[in-house]
Amino acid sequence: KQEVTQIPAALSVPEGENLVLNCSFTDSAIYNLQWFRQDPGKGLTSLLLIQSSQREQTSGRLNASLDKSSGRSTLYIAASQPGDSATYLCAVKGQDGGATNKLIFGTGTLLAVQP
Amino acid sequence: DAMVIQNPRYQVTQFGKPVTLSCSQTLNHNVMYWYQQKSSQAPKLLFHYYDKDFNNEADTPDNFQSRRPNTSFCFLDIRSPGLGDAAMYLCATSRSLASGWRFFGPGTRLTVL
């Protein structure tokens, strides 16, 4: 059974700092991995999606990497801003024939960027 | 803008009183999902529709039902809400079952009194 873990559960950094959020998963047979952002009381916003054949994806100040063999993904945020404060969740999609639709989510990392 | 819309954003109901949450999408996606998210927990998939085909997760209580009258709309019905059903309910869509991208709505916060 796939399990997704995100450490730390919460992180506070000063504005301008570069930071890394971690995601680990127990079953390396994944179809893809997706990073989401969730603001308090809101829905999820997709940030980046990495297919199983890819090593990384970049969007603006965000860079996500994937190491399937070690069951790990990282989300790198450059030059953090107070507006980046949110909960960041990763989710993996299984590879059982590619037909499954189920995303397995981590519980997220709550990020606070202090002005 | 193409998007996923959920109504209402906040819903208060009484213990045992049926409630319906609504989701609509302008993306013309084939798949629509309902997730339940309790405080500080990961979203939990309740069920999904692929076109008109309904797929229930094995551990979704019978108290939860869903309807998809057309491509654009999907409803979540909670027949007899209990206190434990208080949560954020998230609707999401994807173009296909194989598609990795999920597009989420803003959620409906359900309170049960």
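The structure presented is a predicted model; accordingly, all values stated were derived computationally and were not measured. The chains referred to below are lettered A, B, ... by the order of the sequence lines, with proteins before strands, and numbering in each begins at 1.
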**Asked** CZ/B/Arg102 to CG/A/Leu103 distance, rounded to the nearest 0.5 angstrom?
**Response** 4.0 Å
**Item:** Rounded distance (nearest 0.5 Å) linking atom CH2 of B/Trp101 with atom CG of A/Leu48
**Value:**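 Rounded to the nearest 0.5 Å, the CH2-CG separation comes to 6.5 Å.
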Just wondering, are more than 12 heavy atoms of other shown residues or ligands nearer than 6.0 Å to [atom1] in [X]?
X: B/Arg68; atom1: CZ; value: yes
X: B/Arg95; atom1: CZ; value: no
X: A/Arg61; atom1: CZ; value: yes
X: A/Lys42; atom1: NZ; value: no
X: B/Asp62; atom1: CG; value: no

**Prompt:** Highest number of heavy-atom pairs under 4.5 Å with chain A: which of B/Gly105, B/Pro43, B/Ser40, B/Ser96?
**Reply:**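 Sorted descending by pairs with chain A, the first entry is B/Pro43.
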**Most contacts with chain A, counted as non-hydrogen pairs under 4.5 angstrom, among B/Ser94, B/Ala92, B/Ala42, B/Cys91** = B/Ala42
**Message:** Do B/Val19 and B/Leu76 sit in one hydrophobic cluster, given that two such residues count as connected whenever their side-chain heavy atoms are within less than 4.5 Å of each other, even indirectly?
**Reply:** yes
**Request:** Pick one of side chain, backbone, both or neither for A/Leu89, based on which atoms fall under 4.5 Å of a heavy atom in chain B.
**Result:**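 Only the side chain of A/Leu89 comes within 4.5 Å of chain B.
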**Request:** Look at A/Gly108, A/Gly41, A/Ala9 and state which one has the largest set of heavy-atom pairs under 4.5 Å with chain B.
**Result:** A/Gly41
**Request:** With side-chain contact (heavy atoms from CB on, under 4.5 Å) as the test, would you mind laying out the steps for B/Gln37 and A/Gln38 before giving the verdict?
**Result:** CA-CA 12 Å; B/Gln37 187 181 26; A/Gln38 187 172 31; 2.8 Å; yes
